[in-house]
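We name chains A, B, ... by the order of the sequence lines, and we start the count at 1 in each one. For the numbers below, each heavy atom of this structure counts, side chains included, while hydrogens, waters and symmetry mates do not. Owing to the predicted nature of the structure, the values given are computational and were not obtained by experimental measurement.
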Amino acid sequence: GNSVTQMEGPVTLSEEAFLTINCTYTATGYPSLFWYVQYPGEGLQLLLKATKADDKGSNKGFEATYRKETTSFHLEKGSVQVSDSAVYFCAVTSSGGSNYKLTFGKGTLLTVNP
Amino acid sequence: DAGVIQSPRHEVTEMGQEVTLRCKPISGHDYLFWYRQTMMRGLELLIYFNNNVPIDDSGMPEDRFSAKMPNASFSTLKIQPSEPRDSAVYFCASSLGQGLNEQFFGPGTRLTVL
């Protein structure tokens with residue numbers, strides 16, 4: 001089955017610092033890749049996605065590039081804000097057929113200090 | 001739209017009692033997912049439905065767990081009898097169309113079994 005490994009947290013940064021959260025995956029077929037974010041006390045929200053190799057997903061200043069050769073989908077942001085403090089989940093699903101199951105990583109807690 | 005609605009938001013019960021969690025998906029969505037989130041195991045998919053029909057329940061931990069979707073606007077997850085190890089946050093999510101589309105998560109139900 002599919003699996004996702006993402007860097008363990010917690011990650012603590014100062015405001016305006018550069019952020020990288022690493023994510024690697026194993027999957028069959030032609031997987032699609034996602035980053036979801038969970039703010040305190042809330043459910044998960046889709047942050048960005050990429051559906052084929054070399055695609056770059058971006059949203060709210062966050063970016064991630066689908067690297068098939070390294071099976072990676074690292075999340076980056078050039079300048080984090082206090083409001084970015086949340087748990088970030090990398091996820092993978094395989095395309096085709098009827099497999100609509102998202103497989104999530106364990107999540108990475110990000111805390112941004114002013 | 002109000003988003004995915006879950007009730008109750010918090011549930012505290014004693015071991016052996018029956019627990020019923022409820023979910024109202026976003027109107028028009030044809031996929032509904034139940035997840036469980038714990039510190040130890042992260043986010044796990046329990047079961048998902050398409051057009052009210054259960055498609056994959058391989059994530060349901062044991063026979064004490066059951067889920068139903070009697071109509072397009074309502075689903076329940078029942079645990080009978082409950083055990084302390086069932087303590088977790090349970091999320092419901094819904095999506096429209098093919099599985100590569102965004103899943104919209106509810107706020108979750110925090111279940112504590114004493």
Side-chain angles (χ1 to χ4, degrees), chain A residues 1-10 21 23 25 27-53 55 57 59-60 66 73 86-109, chain B residues 1-10 21-26 29-51 53-60 88-110:
Chain A
N2 297 344
S3 67
V4 174
T5 302
Q6 61 181 102
M7 67 186 279
E8 299 212 2
I21 301 177
C23 171
Y25 66 90
T28 56
Y30 301 92
S32 292
L33 303 171
F34 305 80
W35 278 101
Y36 276 78
V37 59
Q38 183 179 28
Y39 298 103
E42 299 182 10
L44 281 70
Q45 304 173 24
L46 179 65
L47 181 60
L48 54 84
K49 70 178 182 182
T51 57
K52 62 182 187 294
D55 267 2
N59 186 24
K60 300 181 181 179
Y66 186 160
F73 193 54
V87 181
Y88 292 82
F89 293 89
C90 185
V92 62
T93 189
S94 296
S95 63
S98 61
N99 182 2
Y100 300 131
K101 295 166 65 169
L102 273 174
T103 301
F104 287 89
K106 289 290 182 70
T108 302
L109 174 62
Chain B
D1 198 310
V4 176
I5 299 172
Q6 291 186 247
S7 64
R9 292 293 309 274
H10 302 274
L21 311 181
R22 298 172 175 80
C23 175
K24 176 179 170 56
I26 291 173
H29 282 190
D30 54 352
Y31 284 86
L32 184 139
F33 307 82
W34 282 101
Y35 292 89
R36 178 173 67 176
Q37 185 179 39
T38 61
M39 289 293 293
M40 290 297 295
R41 301 175 66 90
L43 198 62
E44 305 171 278
L45 177 66
L46 301 177
I47 184 172
Y48 78 90
F49 296 82
N50 177 218
N51 291 324
V53 177
I55 303 300
D56 187 338
D57 64 355
S58 60
M60 297 285 263
V89 181
Y90 291 81
F91 289 103
C92 177
S94 69
S95 69
L96 176 63
Q98 298 298 308
L100 299 182
N101 290 340
E102 178 178 358
Q103 291 186 21
F104 292 82
F105 282 73
T109 296
R110 181 174 294 278

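For A:Glu8, the CD atom counts as loosely surrounded, since its 6.0 Å shell holds 12 or fewer non-hydrogen atoms of other residues, nucleotides or ligands.
B:Gln103 places none of its side-chain heavy atoms less than 4.5 Å from the side chain of A:Leu46. Looking at B:Leu45 and A:Phe104, their side chains never come closer than 4.5 Å, going by heavy atoms from C-beta outward. Here the side chains of A:Gln38 and B:Phe105 are not in contact, with every heavy-atom distance at 4.5 Å or above. With a 4.5 Å cut-off on side-chain heavy atoms, B:Leu43 and A:Leu44 count as touching.
In this structure, the salt bridge (charged side-chain N to carboxylate O under 4.0 Å, His left out) partners of B:Glu44, at least two apart in sequence or on a different chain, are B:Arg36, B:Arg41. Partners of B:Asp57 by side chain to side chain donor-acceptor pair (under 3.5 Å), not counting sequence neighbours: none found.
Ranked by heavy-atom pairs shorter than 4.5 Å toward chain A, the options B:Gln37, B:Met39, B:Arg110 are led by B:Gln37.
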CA sep, side-chain torsions, deciding dist, call: B:Phe33, A:Leu102, side-chain contact (heavy atoms from CB on, under 4.5 Å): CA-CA 10 Å; B:Phe33 307 82; A:Leu102 273 174; over 6 Å; no
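Using a 4.5 Å cut-off between heavy atoms, B:Ser58 touches chain A through its side chain atoms alone.
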